[in-house]
Amino acid sequence: MTNERLETGKRIRNFRTQNHLTQAQFAESLDVSTNFISEIETGKKGVSLEILHRLCQQYSLSADYLLFGKEGPVPSEYTLSEFLASLSAEDIPIVIEYLEATLKIKKLDKKRSPGR
């Protein structure tokens with residue numbers, strides 16, 4: 001178990017408990033098992049990009065805070081290339097798919113609202 005995974009798990013657990021959510025409630029809201037939440041919170045498993053995205057979107061959390069304990073990225077300390085370099089081989093296609101989908105949505109929004 002890596003220290004980073006353990007620290008991320010602690011921040012997730014702190015968020016959950018501060019919001020008076022049980023592991024079961026939290027797991028259900030993210031469509032995962034209670035056991036999976038337990039393993040993330042104890043650092044036995046890392047949080048996937050998919051679950052991280054769901055967690056940040058659903059609870060308006062910062063990925064920088066959950067992953068690194070920062071309230072926001074400091075551009076000189078955290079660059080896109082550093083982020084991409086930190087991804088596993090299995091995470092890279094997920095990130096690419098997410099970015100492509102985001103760009104498609106942005107283009108569709110521009111077509112629908114040409115006055116923006």
CD (E4) and OG1 (T8) are apart, to the nearest 0.5 Å, by 7.5 Å

Could R54 and E50 be called an ion pair, given the rule that one side-chain N must be under 4.0 Å from one carboxylate O? yes

With a 3.5 Å distance limit and no angle check, can you tell me whether Q58 reaches the backbone of S29 through a side-chain donor-acceptor pair? yes

Evaluate whether atom CD of Q25 has more than 12 neighbouring non-hydrogen atoms of other residues, nucleotides or ligands under 6.0 angstrom away.
yes

For F15 and Y59, take the angle between the two ring planes, folded into 0 to 90°, and tell me which bin it lands in: parallel under 30, tilted 30 to 60, perpendicular over 60.
perpendicular

### Task
Look at the side-chain heavy atoms of Ile, Leu, Val, Met, Phe, Trp and Tyr, link any pair under 4.5 Å apart, and say whether L87 and L99 land in one connected group.
yes

Taken to the nearest 0.5 Å, the spacing of H53 NE2 from Y98 OH works out to 4.0 Å

With the threshold set at 4.0 Å, does a side-chain nitrogen-carboxylate oxygen contact exist between E39 and K44?
no

Review point. Does T42 offer a backbone N or O that forms a donor-acceptor pair with the side chain of R13 under 3.5 Å?
Key: no

CG (N35) and OG (S33) are apart, to the nearest 0.5 Å, by 5.0 Å

Heavy-atom closest pair (A63 atom, C56 atom, distance to 0.1 Å) is N-SG, 3.6 Å

Test side-chain contact (heavy atoms from CB on, under 4.5 Å), reference E100, set L103, I96, T102, output is I96

Test your reading of the model: is there a side-chain donor-acceptor pair from R16 to the backbone of F26, 3.5 Å cut-off?
no

Donor-acceptor pair between D91 and S88 side chains, under 3.5 angstrom | yes

For I51 and L30 the tightest heavy-atom approach is CD1-O, 4.5 Å

CD1 of I94 to OG of S48, rounded to nearest 0.5 Å, is 6.5 Å

Between the NZ atom in K45 and the CD1 atom in I37, the distance rounded to the nearest 0.5 Å is 11.5 Å

| query | Is it the case that more than 12 heavy atoms not belonging to D31 sit under 6.0 Å from its CG atom? | reply | no

dist Q23:CD -> I40:CD1 (nearest 0.5 Å) comes out at 10.0 Å

